[in-house]
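Order of the sequence lines fixes the chain letters, A, B, ..., with proteins taken first and strands second; residue numbering starts at 1 for each chain.
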Protein chains: 2
Amino acid sequence: MASIKDVAAEAGVSVATVSRVLNDHPSVSDDARTRVQAAVRTLGYRPNAVARSLRTDQTRTLGLVISDVMNPYFTELARSVEEAARALGYSVIIGNADERPELQDHHVRTLLDRRIDGLLVSPTDGGSPLMLEAARAGTPMVFVDRWIPGVDVPVVRADGRAAIRDLVAHLCGLGHRRVAIIAGPAATTTGSERVQAFREALAEYGVPLPDAYIGQGDFQAESGRRVTEGFLDLPEPPEVVFAADNLMALGALDAMRARGLRVPSDIALAAFDDIPWFVHTDPPVTAIAQPTGELGRAAVHALIDRIEGRPPQSVTLPARLVVRRSCGENPDQNPDQNPDQNREENREENRGKKQTPVQRSTS
Amino acid sequence: MASIKDVAAEAGVSVATVSRVLNDHPSVSDDARTRVQAAVRTLGYRPNAVARSLRTDQTRTLGLVISDVMNPYFTELARSVEEAARALGYSVIIGNADERPELQDHHVRTLLDRRIDGLLVSPTDGGSPLMLEAARAGTPMVFVDRWIPGVDVPVVRADGRAAIRDLVAHLCGLGHRRVAIIAGPAATTTGSERVQAFREALAEYGVPLPDAYIGQGDFQAESGRRVTEGFLDLPEPPEVVFAADNLMALGALDAMRARGLRVPSDIALAAFDDIPWFVHTDPPVTAIAQPTGELGRAAVHALIDRIEGRPPQSVTLPARLVVRRSCGENPDQNPDQNPDQNREENREENRGKKQTPVQRSTS
DNA sequence: CCTCCTCGTGGAATCGATTACACGACTTCG
DNA sequence: CGAAGTCGTGTAATCGATTCCACGAGGAGG
């Protein structure tokens with residue numbers, strides 16, 4: 001591969017001049033500039049980013065460590081992060097932790113070794129020494145979605161409290177009293193917060209949340225299945241299961257189906273995180289939608305502010321309830337109009353560019 | 001950040017010795033070794049991968065350029081690629097082309113600038129000059145899923161011919177005669193091959209595939225919706241729609257639902273690419289499953305063989321039909337047992353790490 | 001006409017590693 | 001006892017860029 005020396009030789013100038021042309025430094029004669037450009041073209045020269053990074057001590061690269069790429073929520077987050085970063089001239093390297101702390105550490109270490117300019121993390125656990133140390137050592141860092149309490153790092157996330165309250169109102173309005181939750185790992189903020197918000201909202205309606213109705217999941221489908229089976233084996237099974245993420249909801253649905261239960265008539269289901277497929281599941285699943293694209297963009301901006309020396313800001317955006325049919329039909333609703341219609345449009349608009357006038361069938 | 005010089009100073013040796021310890025070169029005294037290790041620990045030293053790459057001219061990094069991360073098929077592919085690469089000591093940088101040739105080019109260029117050791121590509125189009133040039137210039141490269149005819153690069157992919165023939169048999173067995181297909185872009189191999197295989201299989205059953213029943217999609221949900229609406233507006237709409245990927249199937253389902261049609265009684269649906277959600281859609285969707293994990297692993301191995309100087313091999317693995325209910329109930333089926341049950345188990349087993357018999361061809 | 005800028009340019013140091021080569025201290029053996 | 005290895009180590013070149021500094025040519029101003 002041609003190097004800057006070859007270009008310099010071809011153009012009959014020094015490497016310094018070539019470098020100046022490449023970084024369009026003002027003090028280069030027109031003559032030299034054109035000769036260099038011609039040489040670049042004939043040699044098909046491309047600057048070596050590795051060498052450049054070594055010298056300038058910046059890689060124009062962001063690291064993104066997420067808990068699980070296979071989770072559509074994180075996939076979308078990753079996509080929006082990459083998009084926003086690209087618009088600002090940065091690349092993104094994604095590390096998939098698969099909800100495993102040691103894998104998360106592996107990726108953080110690798111990214112740090114590569115001297116990425118900044119790190120976006122959605123921590124799998126309470127924070128490994130490595131990550132804490134990196135934050136303290138001054139690595140530009142921003143938490144997305146989940147965070148680690150007590151660490152001085154900006155956080156970009158959605159607040160689900162209001163939406164969870166709406167969900168509880170919806171459930172209670174439908175007459176449900178025995179509600180259960182499949183929680184995420186207690187070590188994650190989203191894992192514990194969602195349970196707490198749910199419990200508080202239920203308390204407002206005088207509905208208890210007994211320990212037997214709190215199942216411990218790990219944000220993966222399999223745990224949703226396992227926990228749901230536990231619920232169904234209870235002498236008095238719950239009437240509603242609320243899964244703290246979409247994968248555990250998938251697992252819950254599997255478990256219910258395996259028992260031959262009908263949703264929502266036999267048991268109701270709701271999920272945190274909305275995804276396109278929830279429109280088409282049987283039945284369509286009531287879910288809490290996060291403004292994923294916004295979150296990704298805000299996180300990138302916060303991180304790049306930090307990198308470029310501007311004060312970064314934490315951001316909290318509201319999540320919202322999207323009512324579908326998995327918790328039962330709302331009797332108050334005017335039967336003339338499709339109850340889901342409005343909400344659905346809002347949701348789609350929220351999700352991105354694709355406009356989708358989705359209409360519910362009565363199947 | 002501490003550099004190798006700092007470590008050398010701390011340990012009272014030269015940088016050469018430190019480097020030798022780091023790369024565990026045999027000729028270092030035990031005394032020096034322990035002193036260096038201690039220094040590394042007290043300074044929290046980590047070698048700078050950028051500097052190392054510049055010197056050794058290898059990054060131990062693979063680039064993966066895929067057509068659309070939001071497509072669960074590619075997400076899973078990306079995941080398995082990263083996993084396999086990590087096991088062999090390589091990192092992966094993912095570039096998402098979003099089915100846009102210019103974005104694909106952007107990523108290929110960026111990855112090449114970073115001097116990745118090899119490139120895994122699922123081309124969005126017929127191949128940009130940039131990519132062709134890179135392949136010709138000797139950049140280690142392997143195509144996954146899709147490929148570019150006439151380019152001398154190993155290909156790792158699934159062959160859907162047999163599964164498509166099984167699908168056609170299934171459809172004809174159910175009495176369907178008017179079948180339509182939502183094709184992918186003709187510029188992609190998967191786009192054109194699937195149509196051709198479908199046409200050929202139908203011909204064996206004496207069923208024609210008129211032009212009006214071939215819709216042009218772009219592998220995105222929106223196009224599936226648009227094409228399906230076109231089909232439904234036909235004076236004689238098809239009885240079956242076969243979508244060439246899972247996202248277009250989602251769009252098709254949207255369109256059918258919007259018209260108030262029942263699946264499969266009013267119209268049947270099948271898809272290429274199986275995903276976990278198809279089990280839970282209404283109705284569960286009959287699909288052709290690719291051995292995604294295997295594909296990712298095989299691709300990484302082929303690429304690393306190429307990088308490390310061993311002869312790389314093209315690999316073709318079989319895809320398989322997973323029958324669910326979206327094309328209608330099979331009348332031959334014994335009504336006592338759930339027809340979906342058995343097949344479902346097969347599918348799950350297929351999706352996991354279990355290895356499928358590999359069929360190889362030399363490219 | 002001489003001095004002082006400005007401008008374009010090149011030489012060389014530098015970033016943080018790896019590694020060829022040289023060298024001194026020891027061991028081994030004729 | 002001297003020649004020939006062997007072993008551990010250090011010096012310095014190198015990878016491909018960026019950038020400080022010096023320098024010569026030419027223009028402006030006194």
Side-chain angles (χ1 to χ4, degrees), chain A residues 1-37 39-40 43-61 89 91 109-117 137, chain B residues 1-40 43-61 89 91 109-117:
Chain A
M1 190 126 234
S3 86
I4 196 170
K5 270 193 206 138
D6 304 316
V7 177
E10 173 80 17
V13 296
S14 72
V15 292
T17 300
V18 176
S19 174
R20 279 190 273 258
V21 171
L22 261 33
N23 299 285
D24 45 36
H25 186 86
S27 136
V28 180
S29 67
D30 288 348
D31 176 52
R33 187 183 311 278
T34 50
R35 289 222 310 287
V36 168
Q37 283 162 344
V40 165
L43 294 175
Y45 169 76
R46 296 247 76 213
N48 183 328
V50 175
R52 193 199 292 254
S53 292
L54 176 61
R55 183 60 237 249
T56 62
D57 199 38
Q58 50 159 326
T59 50
R60 291 200 77 82
T61 302
S91 300
R109 201 185 322 270
T110 313
L111 291 167
L112 256 23
D113 284 356
R114 284 166 182 266
R115 302 300 193 266
I116 44 139
D117 293 340
Chain B
M1 193 128 232
S3 85
I4 196 171
K5 271 194 207 137
D6 304 317
V7 177
E10 172 81 18
V13 297
S14 74
V15 292
T17 301
V18 177
S19 177
R20 281 189 272 259
V21 172
L22 261 32
N23 299 286
D24 43 38
H25 186 87
S27 130
V28 180
S29 68
D30 288 346
D31 175 53
R33 187 182 311 280
T34 49
R35 289 224 309 288
V36 168
Q37 283 162 344
V40 164
L43 293 174
Y45 168 77
R46 296 247 75 212
N48 183 329
V50 174
R52 193 199 291 255
S53 293
L54 177 60
R55 184 61 235 251
T56 61
D57 199 37
Q58 51 158 326
T59 50
R60 292 199 78 80
T61 301
S91 299
R109 202 184 322 271
T110 314
L111 291 167
L112 257 23
D113 285 355
R114 286 168 179 264
R115 302 299 192 267
I116 43 139
D117 294 340

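- Within 6.0 Å of CG in D31(A) there are more than 12 heavy atoms belonging to other residues, nucleotides or ligands.
- There is no side-chain donor-acceptor pair under 3.5 Å between R115(A) and T61(A).
- Atoms OH and CE, on Y45(A) and M1(A) in that order, are 9.5 Å from each other to the nearest 0.5 Å.
- Contacts between residues 26-35 of chain B and DNA chain D, defined by a heavy-atom separation under 4.0 Å, are made by S27(B), V28(B), S29(B), A32(B).
- Between the CG atom of D117(A) and the OG1 atom of T59(A) there is a distance of 3.5 Å, given to the nearest 0.5 Å.
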Before giving the answer on side-chain contact (heavy atoms from CB on, under 4.5 Å), spell out for I4(A) and S19(A) the whole-Å C-alpha distance, their side-chain angles and the decisive distance to 0.1 Å. CA-CA 8 Å; I4(A) 196 170; S19(A) 174; 4.0 Å; yes
Note, DNA chain C 5' to 3' with Watson-Crick or G-U pairs under 3.5 Å encoded as ( ), [ ], | and . gives ||||||||||||||||||||||||||||||
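- Judged as a salt bridge (Lys or Arg N to Asp or Glu O under 4.0 Å), and not counting sequence neighbours, D24(A) has no contacts.
- Evaluation of the salt bridge (charged side-chain N to carboxylate O under 4.0 Å, His left out) test over residues 43-59 of chain A, restricted to residues two or more places apart or in two chains, returns R46(A)-D113(B).
- Note that OG1 of T110(A) is 12.0 Å distant from CZ of R60(B), once rounded to the nearest 0.5 Å.
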Readout for nucleotides 16-26 of chain C: B = base within 4.0 Å of protein heavy atom, S = sugar-phosphate only, - = neither; 5' to 3' it is BBBB-------
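- To the nearest 0.5 Å, atoms CG (L111(A)) and OG (S91(B)) are separated by 8.0 Å.
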Could you pull out the protein-nucleic contacts involving nucleotides 24-27 of chain D (nitrogen or oxygen on both sides, under 3.5 Å)?
none

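- For the atom pair OG1 (T17(B)) and CZ (R20(B)), the distance works out to 5.0 Å, reported to the nearest 0.5 Å.
- How far OG of S14(B) is from NZ of K5(B): 12.5 Å, rounded to the nearest 0.5 Å.
- Of all non-hydrogen atoms in V50(A) and S53(B), the two that sit nearest each other are CG1-CB, 3.9 Å.
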